Each structure stands twice: as C-alpha cells, then as structure tokens.
Visitor: 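Take a look at the following structure, please.
This is a predicted model, so every value here is computed, not measured. Computed from heavy atoms alone, side chains included, the values below leave out hydrogens, waters and symmetry copies. Every chain is numbered from 1, with letters handed out A, B, ... down the list of sequences.
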Amino acid sequence: MTKLPTQPYKGARDFYPEDKQLQNYLFGVMHSVCSRYGYEEYDAPILEPTDLYLQKGNEEIIKEQTYTFEDRGGRSVTMRTEMTPTVSRMVAGKRQELGYPLRWYSIPQCWRYERMQRGRGREFYQLNVDIFGELFVSAEHELIMLISDLLKSYGADESMYEIHINSRSFMKEVFFNRLALSEGKDADLNRLIDKKAKMPEEKFYAELEELLSDEDNSHEAVLLLKSLLSNRKTPNSLGDLPNEVLEHESLGDVKQLFDLCKASGINNVFFNPAITRGFDYYTDIVFEVFDTHPDNNRSMFGGGRYDSLIADFGVESVPTVGFGMGDHTLQNFLELHNLLPELTTQTDVYAVCVGDTYQAALDIVTTLREQNINVAFDVSNRKIEKTIKTAEKKGITYVLFVGQAELDSGQLSLRNIKTGEETEAGIDEIIQKLLS
RNA sequence: GUGGAUGUAGUUCAGUGGUAGAGCACCAGAUUGUGGUUCUGGCUGUCGCGGGUUCAAAUCCCGUCAUCCACCCCA
C-alpha cells in the first residue's frame, strides 16, 4: 500500500491549533480596529467567473497565475486572487440601495498560482479595507489612520514602518505634459520605476535612458525623472521636488493629505515618486507601507484610489480608496520586530477522572461548563503524572483531579501546574477560583 | 520558467562503496493518587521514488518528484 502524503497541498498551509490561534489573534486585531472605524464586514464566494478578472488586459496573468478551470456546466471559473474585483462587483450590484460613503472590510482567503518563495505562498489571507463614495482625501487619510492604529495595535511603533505615497495623476501629468512621452510609454516606465528599488542604481538609469532614448526630449526627461526619483524623504511633506513640478495642481490633494496626517499626529508618511503599484486600476493617490527593519526593508502592502473600477460594471462610477494587506507579510513583519504575542490556550481546566468515577466526574465537569469554564475531560485513567504532562504540554494552567476520595469528602483537588499551588475546596469555591 | 542546495526514524541530523545510527520526542517501568530532574527498557525506516554501474549502493551515475534559497513574475 502506498502511503498518502501528510503534507498540505503545495504552497498552501495547514493551520494546526497553535497556527490557528495565531491567526485568530491576527484577525481579531483586524476585526476590532476595522470595527472601531465603522467598517462593516462582508464576504463572497471564493470562486468567480473568469471574466471578472479579464477586464484590464490581464490575460497573461490570468493564464499563468491563477487557478482557473471549467465547472461541470462548462463555465470558466477562477479562484479569487484578490478581493477588489469582487467587492466592486458587489457594490455595483447594489449601488442604488447602499448608503455612501460605504465602509467595508473583509479578510478573504485568496489563491494565486505562483512560484514559491519566502513570504509568498499560493494561498494567503488578505485584509481588504475600502471606502466607497468619498472624493475628498479624507478617505485616504482615514485609511492611513486605520493602518497606523492597526500596526500600533499589534505593538508596532512608527519607527518600524513608513508609509510612502505618490500620485498617479501627478505622474501622468509629468509623463505626458512635462515630458511629452509617446502614447503607451507610461506603462513601461511605470514598470521600470516599480523595479527601481530592486536593482543597482546604475543599471536602473541605464535602462531608463534606453527606454527614453527615442523620445524627443530624452535627455531632459531623464534628468527630470532622476531628480524626481531621488526625492529626499521628509515626513509629511513633498520633500525637495524640483520647482518646475512643485506647483502642479495634481499635488494639491497630496499636500492636503500630508496636512491631515500631521494634524492627527502621524509622522511617518513620505512622498515617494517611485511608488507606482502594479495595478492598472489605480487612478490617483497610491501608497505603500514599508518595513524599516534592515532584514526586511521592503514594501509590505499598499493601496490607493481607484475611481473608475465600479464603472466597468456599466453603472455610474463610485470613487473608492482601499488597501489590501496579506497575512504572510504581516506575520513576517511582526516576527522580525518581535511583536508576536505568547498565545495561551482557551482551555481553563484539564479535569482528570481518577479511578472508576466517570459519571460523578462528568457531573462536575458539566457543572463547570455551565459556568462557562472551558474544560477538557481526561478519562484515560493513565498514571496521574502522565495526565499532568499532557495538560502542561497543552499549556493548560489548572488540573482538577476527581477520584473517589474527593467525591467522598466533597473537597476537590485543583492544581495550578504553573505555580505548583494546590487548592482543596468544594465545587463552589473551585468555580470562584477558576472564574477569577 | 531558470540556476543552486537538500531529501536517512515522529523530529533534528550523523553516516562518502561492506550488518541502518544518535539526540530530542513518544510509549512503558523504577513510583498502585500528583509533572518538569534522574535511571532503565521499548517503538518507529522501501535511506523520497525509478532506473543504471558494482560481488556489494543511503553512499557513485542518470532520470524523476518534493522541499528550501536566489532569479523571473507579482493584480
């Protein structure tokens, strides 16, 4: 007989109880912070019609990096790779009856058919937070505050991460009005800029010159981009952008956003023209959150404004700002900064049936459970020390022994295995002790 | 998709051509109702899988699969 493998499917994770416990903690913080900002949770099927993802010329990506297959009815379905198309679909479907601005969040599991590497599997959870129907930069500001509170709630402080923002509409103005790039050049340029952080400086500028070599004002363009991309980082300000672009109208929102951040005491937001975000659907302000830890100095997650995605469903557009944060990267961040909490079991008591007392012991266990005390009941009748070892292994603080002697005297024996302290008392007193 | 490393007990790993090993973990006993130390005993293997070379392969060769790392990609 061939052995069945015990490993989970490639790129996907098993959540053993301790893993699930950690996940519950991570998600619990998300739920509580999102709720605190008035965001409501939603969910949707993990399968979507493939067409939903085919909108923006993403065919290459769909073919190679998704789980796409035919259902029994011959329909092409795709496991969701992100939540934004789904939530846009949902909002578009009920746009008339929803009260705007709409604040929604979700923690969907998503699947991408990727090649494996550190911090990236094929299955992940992603917190998605979106605000629909708000044109003013208060929406961006609110999400930045929410992100700050979220990371703060995990124990992080502002020195551990930076929020970098840029404006798509600003870059577009620079590309087309300032540099007069030819049509279609912006996508290539964006892609190159997106990779800037990952390549040596000389190589980047060599490729930049190569890319722009056939432009009319190639030299001037390279110079301007150089000065843009080497923008000095200054908190809550545009930095030292060249004067020729500084007064540009598209930067108005950005300045306003910085003012709002400053006023709310957030001091790690920077202007960074190298932030582009891969998505085509972003239209205006985009942002990314960077880990400042030297071993993980990279973008963790990000988001931005997409004002026209919902219009793809053939309805009037709804301005939207949102971000998505993956659980792998969050966990990496927390691990690296030593912010993962020590998790403790939910089980309060390990009750051990000693000898032939099953029914009477069960009655006591039931009484405890009726008081909302979490009790695991051990009826193995193994040696006492073994049961204590088991309880210890599970991280349970209390062990309660129920044997004939206790039943006769009515005095139960409760041991705290972390301190060694042992209490002999009646059931009521035991309950009081456990509830305190 | 490309390149590299690794694959031996539940786990971490040693073993470089000649009988398959150790620590930890697990089970049991020393101790018939009270843990963490100690001592004793025990269990666990198609040496990833398939083929080849050889008198003989965990070991050398080829293939394959899996894992990890880097690249490519990353909505």
Visitor: Would you kindly say whether A/Y398 and A/D348 are connected by a side-chain donor-acceptor distance under 3.5 Å?
Guide: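 No - no donor-acceptor pair under 3.5 Å links their side chains.
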
Visitor: Please report, rounded to the nearest Å, how far the C1' atom of B/U34 is from the CG atom of A/N416.
Guide: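 Those two atoms, CG and C1', are 14 Å apart.
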
Visitor: Using the side-chain heavy atoms of A/K195, tell me which of these nucleotides is nearest: B/G35, B/C73, B/G33.
Guide: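 In terms of side-chain proximity for A/K195, the closest of B/G35, B/C73, B/G33 is B/C73.
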
Visitor: Identify whether any heavy atom of A/T66 sits under 4.0 Å from a base atom; if not, whether one sits that close to sugar-phosphate; answer base, sugar-phosphate or nothing.
Guide: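 Counting heavy atoms under 4.0 Å across all strands, the contact made by A/T66 includes a base.
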
Visitor: Which is true for A/Q404 with a 4.0 Å heavy-atom rule: it touches a base, it touches only sugar-phosphate, or it touches nothing?
Guide: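 Contact class for A/Q404: base.
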
Visitor: With heavy atoms under 4.0 Å as the rule, sort A/G324 into base, sugar-phosphate or nothing.
Guide: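 It contacts nothing in the nucleic acid.
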
Visitor: Specify the separation, in whole Å, of atom CZ of A/R122 and atom C1' of B/C73.
Guide: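 These atoms are roughly 13 Å apart.
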
Visitor: In terms of relative ring orientation, are A/Y306 and A/Y281 parallel, tilted or perpendicular, with 30° and 60° separating the classes?
Guide: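 Correct class here is tilted.
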
Visitor: Whether the side chain of A/T292 engages the backbone of A/S159 through a donor-acceptor N/O pair (distance < 3.5 Å, no angle test) should be reported.
Guide: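 Looks like yes, one N/O pair under 3.5 Å.
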
Visitor: When you compare B/G21 with B/G1, how far apart are their C1' atoms, in angstrom units rounded to a whole number?
Guide: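 Those two atoms are separated by 40 Å.
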
Visitor: When you measure from the side chain of A/F401, which nucleotide among B/G33, B/G36, B/C73 comes out closest?
Guide: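 For the A/F401 side chain, the nearest candidate turns out to be B/G33.
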
Visitor: Sticking with atom P, work out how far B/A20 lies from B/C62, rounded to a whole angstrom.
Guide: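 It comes out at 26 Å once rounded to the nearest Å.
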
Visitor: Find the partner of B/U34: check Watson-Crick (N1-N3 plus N6-O4 or O6-N4) and G-U wobble (N1-O2, O6-N3) distances, both under 3.5 Å, and reply none if neither fits.
Guide: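 Base partner found: none.
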
Visitor: If the P atom of B/A58 is compared with that of B/G51, how far apart are they to the nearest Å?
Guide: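 Taking atom P in both B/A58 and B/G51, they lie 14 Å apart.
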
Visitor: Students often get this wrong, so: under 4.0 angstrom with heavy atoms, is A/A391 touching a base, only sugar-phosphate, or nothing?
Guide: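 No contact.
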
Visitor: Among B/C26, B/G33, B/C74, which nucleotide sits nearest the side chain of A/K393?
Guide: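 Closest of the options to the side chain of A/K393: B/C26.
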
Visitor: A/E210 and A/Y205: side-chain donor and acceptor closer than 3.5 Å?
Guide: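 Result is no, nothing qualifies.
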
Visitor: How close or far is atom C1' of B/U37 from atom CD of A/E385, stated in whole angstroms?
Guide: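 Distance check: A/E385 CD to B/U37 C1' gives 12 Å.
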
Visitor: Check the phosphate of B/U31 against A/K383, side-chain N and O only, distance under 4.0 Å to OP1 or OP2. Yes or no?
Guide: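 Answer no for this pair, as no side-chain N or O of A/K383 is under 4.0 Å from OP1 or OP2.
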
Visitor: Determine the interatomic distance between P on B/C71 and the same-named atom on B/U53; round to the nearest Å.
Guide: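 These two P atoms come out 41 Å apart once rounded.
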
Visitor: RNA chain B: A/T81 or A/E424, which has the more 5' nearest nucleotide?
Guide: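 Of the two residues, A/E424 wins.
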
Visitor: On a whole-Å scale, what distance lies between the C1' atoms belonging to B/A57 and B/U19?
Guide: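 About 14 Å, rounded to a whole number of Å.
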
Visitor: A/T84 near the nucleic acid: base, sugar-phosphate alone, or nothing, with a heavy-atom cut-off under 4.0 Å?
Guide: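 Nothing, no heavy atom under 4.0 Å.
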
Visitor: Can you tell me how far C1' in B/C47 sits from the matching atom in B/U40, rounded to whole Å?
Guide: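 Each nucleotide's C1' atom is 30 Å from the other's.
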
Visitor: Centre-to-centre under 6.0 Å for A/F132 and A/Y100, is that the case here?
Guide: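 No, the ring centres sit 6.0 Å or more apart.
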
Visitor: After noting the C-alpha distance and the side-chain angles of A/S413 and A/E422, does the key distance pass the side chain to side chain donor-acceptor pair (under 3.5 Å) rule?
Guide: CA-CA 7 Å; A/S413 170; A/E422 187 151 342; 2.7 Å; yes

Visitor: Check every atom of B/G36, B/U34, B/C73 against the side chain of A/E114 and return the nucleotide holding the closest atom.
Guide: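 The listed nucleotide nearest to A/E114's side chain is B/C73.
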
Visitor: Distance check, C1' atoms only: B/C61 and B/A70, in whole angstrom units.
Guide: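 Those two atoms are separated by 27 Å.
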
Visitor: Look at the side chain of A/Q65 and decide which nucleotide, out of B/G35, B/G33, B/C74, has an atom nearest to it.
Guide: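 Of the candidates, B/C74 comes closest.
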
Visitor: Using a 4.0 Å heavy-atom cut-off across all strands, classify A/R277 as base, sugar-phosphate, or nothing.
Guide: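 If one applies the 4.0 Å heavy-atom cut-off, A/R277 turns out to touch nothing in the nucleic acid.
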
Visitor: For A/E82 and A/Y9, take the nucleotide of RNA chain B holding the closest heavy atom to each; which residue's nucleotide lies nearer the 5' end?
Guide: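 It is A/Y9 whose nearest nucleotide is closer to the 5' end.
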
Visitor: In terms of the angle between their ring planes, are A/H293 and A/H337 parallel, tilted or perpendicular, with boundaries placed at 30° and 60°?
Guide: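 A/H293 and A/H337: perpendicular rings.
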
Visitor: Of the nucleotides B/G33, B/A28, B/G36, which one has an atom closest to the side chain of A/I384?
Guide: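 Per side-chain heavy atoms of A/I384, the pick is B/G33.
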
Visitor: Of the candidate nucleotides B/G35, B/G33, B/A28, which contains the atom at the shortest distance from the side chain of A/E392?
Guide: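 Shortest atom-to-atom distance from the side chain points to B/G35.
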
Visitor: For B/U2, give its Watson-Crick or G-U wobble partner with both distances under 3.5 Å, or none.
Guide: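 Because both required distances fall under 3.5 Å, B/U2 counts as paired with B/A70.
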
Visitor: For B/G52 and B/A14, measure between their P atoms and round to the nearest Å.
Guide: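 Pairwise P distance, B/G52 against B/A14, rounds to 29 Å.
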
Visitor: Of the nucleotides B/G35, B/G33, B/C73, which has the atom closest to the A/V354 side chain?
Guide: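 Comparing B/G35, B/G33, B/C73 against the side chain of A/V354, the answer is B/G33.
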
Visitor: Taking N and O atoms by type only, does the side chain of A/R115 place a donor or acceptor under 3.5 Å from a partner on the base of B/C74?
Guide: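 Flag unset: no donor-acceptor pair detected.
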
